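Let me begin by presenting the structure, written as structure tokens, before commenting on it.
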Amino acid sequence: MTKVNFNNRQFSLVENSEKGTVNSDTIFEYKQDKELVTANYYGGSVKYGKIIAILNGDTLDMRYQCVTSENELKTGKAIAKISFSEEGKIILTLSWEWLDEKNAKGISEYIEN
């Protein structure tokens with residue numbers, strides 16, 4: 001697999017499960033320092049969110065939190081599988097889970113802008 005560098009890359013949503021909070025107006029801005037990958041995200045249904053992840057080969061082990069546009073605090077975890085589009089853009093396919101009493105789960109896909 002090609003070594004991935006997330007530093008200064010932006011992503012947006014392609015597809016999300018029903019229980020997901022992010023929508024097509026949400027922008028993710030990534031940074032990377034060796035295996036440590038972080039991102040701020042905002043827009044649409046999210047006032048502000050933060051991702052902390054560890055890059056391991058072709059996956060990101062993620063923890064995330066956000067404040068929604070309705071002032072709800074949410075926290076979750078995900079494993080993101082890294083792949084590439086035909087044009088060479090990074091695609092992230094997340095298997096995610098909210099860490100609340102309902103523990104809703106889903107799949108979402110993001111592509112590099």
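The structure presented is a predicted model; accordingly, all values stated were derived computationally and were not measured. Note: hydrogens, waters and symmetry copies are ignored here, and every other heavy atom, side chains too, is used.
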Steps toward side chain to side chain contact (heavy atoms under 4.5 Å, CB included) verdict (Lys47, Asn71):
CA-CA 8 Å; Lys47 281 187 181 180; Asn71 287 327; 2.4 Å; yes
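- Under the 3.5 Å distance criterion, the side-chain polar atoms of Thr68 are matched with a main-chain donor or acceptor of Glu70.
- Put simply, Val46 and Ile27 are part of two different groups of oily side chains (I, L, V, M, F, W, Y) that touch within less than 4.5 Å, one to the next.
- In the hydrophobic clustering of this structure, Ile91 groups with Val14; members are Ile, Leu, Val, Met, Phe, Trp, Tyr whose side-chain heavy atoms approach within less than 4.5 Å, directly or through other members.
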Applying side chain to side chain contact (heavy atoms under 4.5 Å, CB included), run through Tyr110 and Val22 and close with a yes or a no.
CA-CA 10 Å; Tyr110 302 85; Val22 171; 4.0 Å; yes
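- Considering all non-hydrogen atoms of both residues, Ser108 and Asn16 come closest at CB-OD1, 3.2 Å.
- Atom CG of Asn7 has more than 12 heavy atoms from other residues, nucleotides or ligands within 6.0 Å.
- Ion pairing between a basic and an acidic side chain is recognised when a charged N comes within 4.0 Å of a carboxylate O; Asp100 and Lys74 show no such pairing.
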Asp61/Ile79 under side chain to side chain contact (heavy atoms under 4.5 Å, CB included): CA gap, chis, key distance, verdict:
CA-CA 5 Å; Asp61 184 0; Ile79 297 295; 3.6 Å; yes
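- Within the model, atoms NZ of Lys81 and CD1 of Ile107 stand 12.5 Å from one another, a figure rounded to the nearest 0.5 Å.
- Here the straight-line distance linking atom CD of Glu109 with atom CG of Leu13 works out to 9.0 Å at 0.5 Å rounding.
- With sequence neighbours excluded, the residues satisfying ring pair (Phe, Tyr, Trp, His ring centres under 6.0 Å) with Tyr41 are Phe28.
- In Ile52, the CD1 atom is not crowded: 12 or fewer heavy atoms of neighbouring residues, nucleotides or ligands sit closer than 6.0 Å.
- Cluster membership for Ile51 and Ile82, using ILVMFWY side-chain heavy atoms within less than 4.5 angstrom, is shared.
- The ring pair (Phe, Tyr, Trp, His ring centres under 6.0 Å) check on Tyr30 picks up Phe6, Phe11, with sequence neighbours excluded.
- In terms of modelled atom types and a separation under 3.5 Å, the side chain of Thr26 and the main chain of Gly43 share a donor-acceptor contact.
- No donor-acceptor pair under 3.5 Å is formed between the side chain of Gln10 and the backbone N or O of Ser12.
- Val37 is not listed as a side-chain neighbour of Ile54, based on a closest heavy-atom distance of 4.5 Å or more.
- Side-chain atoms of Lys31 and Asn8, non-hydrogen and from C-beta on, do get closer than 4.5 Å to each other.
- Note that OG of Ser95 and CD of Glu97 are 10.5 Å apart. Values are rounded to the nearest 0.5 Å.
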Stepwise, does the side-chain hydrogen bond (donor to acceptor under 3.5 Å, both in side chains) test hold for Asn113 with Lys89?
CA-CA 8 Å; Asn113 293 342; Lys89 294 187 178 213; over 6 Å; no
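- Residue Lys50 qualifies as enclosed at atom NZ: its count of foreign heavy atoms under 6.0 Å is above 12.
- Nearest heavy atoms, Leu99 versus Gly76: CG-CA, 3.8 Å.
- Applying the ring pair (Phe, Tyr, Trp, His ring centres under 6.0 Å) rule to pairs touching residues 46-74 yields Tyr64-Trp98, sequence neighbours excluded.
- Going from atom CD of Glu35 over to atom CG of Leu55 covers 7.0 Å, rounded to the nearest 0.5 Å.
- The minimum heavy-atom distance linking Ser17 with Trp96 is given by the pair CB-CZ2, 3.8 Å.
- Rounding to the nearest 0.5 angstrom, the gap separating the SG atom in Cys66 from the CG atom in Asn40 is 12.5 Å.
- Taking hydrophobic clusters as Ile, Leu, Val, Met, Phe, Trp and Tyr residues chained together by side-chain heavy-atom distances below 4.5 Å, Ile90 shares a cluster with Leu94.
- Residues Met62 and Leu36 do not share a hydrophobic cluster, clusters being chains of Ile/Leu/Val/Met/Phe/Trp/Tyr side chains in contact below 4.5 Å.
- Counting non-hydrogen atoms of other residues, nucleotides and ligands closer than 6.0 Å to CD of Glu15 gives a total of 12 or fewer.
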